[in-house]
Amino acid sequence: NAGVTQTPKFRVLKTGQSMTLLCAQDMNHEYMYWYRQDPGMGLRLIHYSVGEGTTAKGEVPDGYNVSRLKKQNFLLGLESAAPSQTSVYFCASRRGTGYYGYTFGSGTRLTVV
Amino acid sequence: EDQVTQSPEALRLQEGESSSLNCSYTVSGLRGLFWYRQDPGKGPEFLFTLYSAGEEKEKERLKATLTKKESFLHITAPKPEDSATYLCAVDPGTYKYIFGTGTRLKVLA
């Protein structure tokens, strides 16, 4: 099993450009999450999904959009990148509530110049 | 408000010097407490799940314990390869965890 796979691993964008980060999981997990991690700020939830076709906002959703058209994929979009979106982005998934912990991807390091 | 606080923010130990990391939490209904290890440039890696006060879990040099208000991650005779950031998270019974900001551990040879 690959677990949670994120693509790309690194990306440099110019201010105003758009891009999509892809997260794919092969564990048949219901819940999927997008976090950003910044020094001293910990993990902050951007958006999450509790099932195919459903999404919800987290703590810091502004400037991002998401889609979950297929159960195994969760896409994070930046429509018009800003330097404040320079961060490391992590995708995570889990089977359901309760006992099940998160499985994280290896991250995408995004720099907006 | 649900909250998770980890201390200390950073910890430097000599190899073999045992210590503990703290995770204190305030949640209305704890469904589980999780410990993760994160190495530089990588995603967090699951270590332990704890569910009820008094529970303990062990893995090699690590032991996690849980009370009604906090959890400890005890590191016995650490080695340089234990150097990492350790994250604590709680499941308050909603769809998403609440994470602490982590403890950066450095073990010196």
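Here the structure is a predicted model, which is why all the values come from computation and not from measurement. Numbered from 1 within each chain, the chains take letters A, B, ... in sequence-line order.
- Counting heavy atoms of neighbouring residues, nucleotides and ligands inside a 6.0 Å radius, atom CZ of R104(B) does not exceed 12 of them.
- For K96(B), the parts lying under 4.5 angstrom from a heavy atom of chain A are both the backbone and the side chain.
- With a 6.0 Å radius and a threshold of 12 heavy atoms from other residues, nucleotides or ligands, E79(A) has its CD atom at or below the threshold.
- Around atom CD of E9(B), no more than 12 heavy atoms belonging to other residues, nucleotides or ligands sit under 6.0 Å away.
- Taking each heavy atom of P44(B) and L43(A) in turn, the nearest pair found is CG-CD1, 4.4 Å.
- Listed here is the closest heavy atom pair of R94(A) and T94(B): NH2-O, 3.5 Å.
- Transitive grouping of hydrophobic side chains (ILVMFWY, heavy atoms separated by less than 4.5 Å) keeps I46(A) and Y31(A) in distinct clusters.
- The aromatic rings of Y97(B) and Y102(A) sit parallel to each other, their planes meeting at less than 30°, with 60° as the upper class boundary.
- Only the side chain of Q37(A) comes within contact range of chain B, judged by heavy atoms closer than 4.5 Å.
- A distance of 11.0 Å separates CG in L45(A) from CD1 in I98(B), rounded to the nearest 0.5 Å.
- Within 6.0 Å of CZ on R61(B) lie more than 12 heavy atoms contributed by other residues, nucleotides or ligands.
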